[in-house]
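First the proteins, then the strands, lettered A, B, ... as listed; each starts at 1. The figures that follow rest on heavy atoms only: side chains count, while hydrogens, waters and symmetry mates do not.
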Protein chains: 2
Amino acid sequence: MEPQARRAGRPPQDASRRLERAHRILDIAGDLILRWGYDKTTIDDIARRAGVAKGTIYLHWRTREELFAALLRRERVEMLSQVRLRVAEGPGTLRDLLGLLASELLRRPLMRASLLGDSKVLGKLTRLKRSSGAAADLPTGFETYLGALLRLGALRADLTPAEHVVALASVLYGFLLVPQMMPEGYALPDERLAELLADAGSRAVAAGGPVPAGNARAISRATLEFADLAVETAQRKLRASLGSEEPGKPEKSGTSGASGKSVTGPEKSATSLEENAT
Amino acid sequence: MEPQARRAGRPPQDASRRLERAHRILDIAGDLILRWGYDKTTIDDIARRAGVAKGTIYLHWRTREELFAALLRRERVEMLSQVRLRVAEGPGTLRDLLGLLASELLRRPLMRASLLGDSKVLGKLTRLKRSSGAAADLPTGFETYLGALLRLGALRADLTPAEHVVALASVLYGFLLVPQMMPEGYALPDERLAELLADAGSRAVAAGGPVPAGNARAISRATLEFADLAVETAQRKLRASLGSEEPGKPEKSGTSGASGKSVTGPEKSATSLEENAT
DNA sequence: AAATGACCAAATAATTGTATTTGGTCAAAC
DNA sequence: GTTTGACCAAATACAATTATTTGGTCATTT
């Protein structure tokens with residue numbers, strides 16, 4: 001009883017079809033949240049446009065919030081993946097990484113809204129996202145990466161690690177936020193903005209002189225490793241958000257060993273939209 | 001029987017006493033707006049704490065808005081004056097200027113709120129302030145100043161004027177905004193922040209190599225001139241806000257010739273809180 | 001004149017009640 | 001087993017009232 005193309009009835013049942021449907025739903029959700037904002041984007045709406053019944057959506061996610069968490073996570077994975085892909089083709093410097101990050105960020109309204117805490121788009125989610133430290137939702141391993149760069153002589157030694165982070169976060173934030181509220185005459189194309197950002201960010205924290213000979217390779221490697229780790233972490237979280245059969249299962253703390261106790265976060269609801277340090 | 005047997009003397013009648021009282025009122029207003037925000041700060045409150053009757057306040061300003069405009073303008077003058085004063089003691093470079101600006105900005109919550117459009121403090125004034133281009137309320141003559149620096153070889157030649165402005169505004173904005181929302185571990189003392197900001201800003205737009213020999217003096221002079229102009233402009237506006245006898249008189253467009261028609265702004269109410277380009 | 005504070009229209013907040021929408025469930029249909 | 005959509009409690013929006021506060025004025029006092 002394999003090939004039963006019975007009547008039109010139960011198309012998606014295997015995992016692959018399930019996933020496909022999940023993505024279709026997220027696509028719609030993404031469109032709607034950008035057009036109307038989180039508050040005005042209803043499950044009914046999404047279901048209708050996605051061509052499924054409301055109940056079906058709850059076959060994937062337990063709550064509305066979880067759905068949007070998945071959406072944000074997917075976007076994050078896509079962005080980081082793209083950065084990872086493109087950074088492999090360049091010199092793999094910090095400046096390179098910043099430029100790619102900016103470039104990918106600028107073309108993803110949802111990511112921008114999420115990073116900046118745009119309440120116009122995130123609605124009542126704004127609080128949740130920002131509560132967890134706003135600008136501090138650095139990708140996993142970022143500080144480790146900076147540590148490596150410092151050791152390789154690629155970072156200014158007259159700044160503490162915290163200062164490196166603050167400087168980079170400030171530049172990133174500023175360049176993402178300011179241009180939008182500038183008068184007409186100052187509008188710049190996104191690609192140019194990304195360059196300026198990368199420029200400003202790297203100049204702010206990068207070591208002055210030329211990098212110690214022979215370290216270029218190691219720097220590039222560190223960058224790649226960081227990008228890889230960031231993508232993997234994001235991917236793991238995403239999978240938990242839409243992979244499993246039962247919507248509730250995942251998110252169980254300490255699945256694949258390795259964790260221990262995250263010194264950082266205050267437990268909180270395991271299913272919240274927290275995307276920060278892990 | 002009247003309540004307080006306050007022999008309502010008539011102390012202030014000469015200009016000097018008037019001004020003194022105006023400042024006392026503004027002091028109170030400043031305290032209150034920082035403590036409760038613009039929306040919840042009432043004229044009654046201010047009057048009571050300042051030890052005057054409500055009517056007296058209207059002897060100085062025609063409306064509540066005008067009072068706060070005066071407050072903001074006064075703060076601005078104080079800040080710019082301080083910058084002017086201190087910049088004369090240093091090398092007078094762009095970096096120097098940025099550092100001082102940051103330093104003075106960081107110790108003035110009202111200025112920060114005003115610049116960043118903090119709705120928590122500015123309440124319904126937020127809109128008005130931001131409407132006029134937010135980060136674009138550059139002091140008078142800023143672009144001219146940048147032009148001079150560029151001509152003197154102190155600015156990167158591979159950026160357009162607009163790009164210089166965007167970069168500086170972004171850095172300033174970012175460094176003023178981000179540190180406040182960073183997790184505990186990343187807190188930095190204001191003075192250090194000012195340094196980092198100055199560093200990042202100048203590195204972002206300043207020319208790479210050493211400045212052409214002999215230009216240092218001219219650069220310093222340009223910086224001084226710019227600071228002077230900024231202070232003067234701010235002062236002129238302030239005087240109009242609390243100097244004259246009759247609250248209404250000033251603000252009349254085109255007082256001291258020179259104006260004509262400002263190509264920029266859409267007229268609007270002459271008494272609004274606009275502090276931008278003039 | 002200079003300053004006051006009782007006074008008032010208008011804005012703002014608090015209250016109450018009703019209508020509509022929406023997240024989430026689940027028995028029935030496939 | 002999978003999907004659906006009618007169903008419901010809870011949330012949200014809307015409307016109508018009433019209560020309170022507040023910006024601004026001005027006759028009176030000093």
Please tabulate, for the side chains in residues 22-33 of chain B, all donor-acceptor contacts under 3.5 angstrom to protein atoms that are two or more places apart in sequence or on a different chain.
unit_1: B/H23; atom_1: ND1; unit_2: B/R74; atom_2: NH1; d: 3.1
unit_1: B/R24; atom_1: NE; unit_2: B/A50; atom_2: O; d: 3.4
unit_1: B/R24; atom_1: NH2; unit_2: B/A50; atom_2: O; d: 3.3
unit_1: B/D27; atom_1: OD1; unit_2: B/R74; atom_2: NH1; d: 3.0
unit_1: B/D27; atom_1: OD1; unit_2: B/R74; atom_2: NH2; d: 2.8

For A/S103, does its backbone N or O pair with a side-chain atom of A/D190 as donor and acceptor, under 3.5 Å? no
Do we get A/R64 above A/Y38's six-membered ring, with its NZ or CZ under 6.0 Å from the centre and within 45° of the axis? yes
Just by distance, do the side chain of B/T56 and the backbone of B/V52 share a donor-acceptor pair under 3.5 Å? no
Taking atom C1' of D/dT2 as reference, at what distance in whole Å does atom OH of A/Y58 sit? 18 Å
Terminal axes of the helix from C/dA1-D/dT30 to C/dC30-D/dG1 (5 end pairs apiece), angle rounded to 10 degrees, sit apart by 30°
Can you list the residues that meet the salt bridge (Lys or Arg N to Asp or Glu O under 4.0 Å) rule with B/D44, with sequence neighbours excluded? B/K54
Rounded interatomic separation in angstrom, taking NE2 from A/H60 and P from C/dT25: 16 Å
Per the under-4.0 Å heavy-atom filter, residues of residues 34-42 of chain A near DNA chain C come out as A/T41, A/T42
Atom pairs, protein N/O to nucleotides 4-8 of chain D N/O, distance under 3.5 Å:
unit_1: D/dT4; atom_1: OP2; unit_2: A/A53; atom_2: N; d: 3.1
unit_1: D/dT4; atom_1: OP2; unit_2: A/T56; atom_2: OG1; d: 2.2

What residues form a side-chain contact (heavy atoms from CB on, under 4.5 Å) with B/L34, not counting sequence neighbours? B/P109, B/L110, B/V121
B/L122 versus B/F68: any side-chain heavy-atom pair under 4.5 Å? no
Go through the structure and list residues passing side chain to side chain donor-acceptor pair (under 3.5 Å) with B/D228, not counting sequence neighbours. B/R84
Protein-nucleotide distance (A/I57, atom CD1; C/dT22, atom P), rounded to Å: 14 Å
Starting at CZ of A/R18 and ending at P of D/dT2, how long is that distance when rounded to a whole Å? 8 Å
Starting at the 5' end of DNA chain C, which residue's closest nucleotide do you reach first, A/I43 or B/K124? B/K124
How would you list all residue pairs meeting side-chain hydrogen bond (donor to acceptor under 3.5 Å, both in side chains) that involve residues 104-114 of chain B, not counting sequence neighbours? B/R86-B/E104, B/E104-B/R108
Report the residues that fulfil side-chain contact (heavy atoms from CB on, under 4.5 Å) with A/K40, sequence neighbours left out, ordered by chain and then residue number. A/W36
Starting at CG of B/L67 and ending at C1' of D/dG24, how long is that distance when rounded to a whole Å? 13 Å
Can you name the nearest heavy-atom pair linking A/L238 to A/A70, along with the distance? CD1-O, 3.8 Å
B/R48 CZ to D/dT22 C1': how many Å, rounded? 11 Å
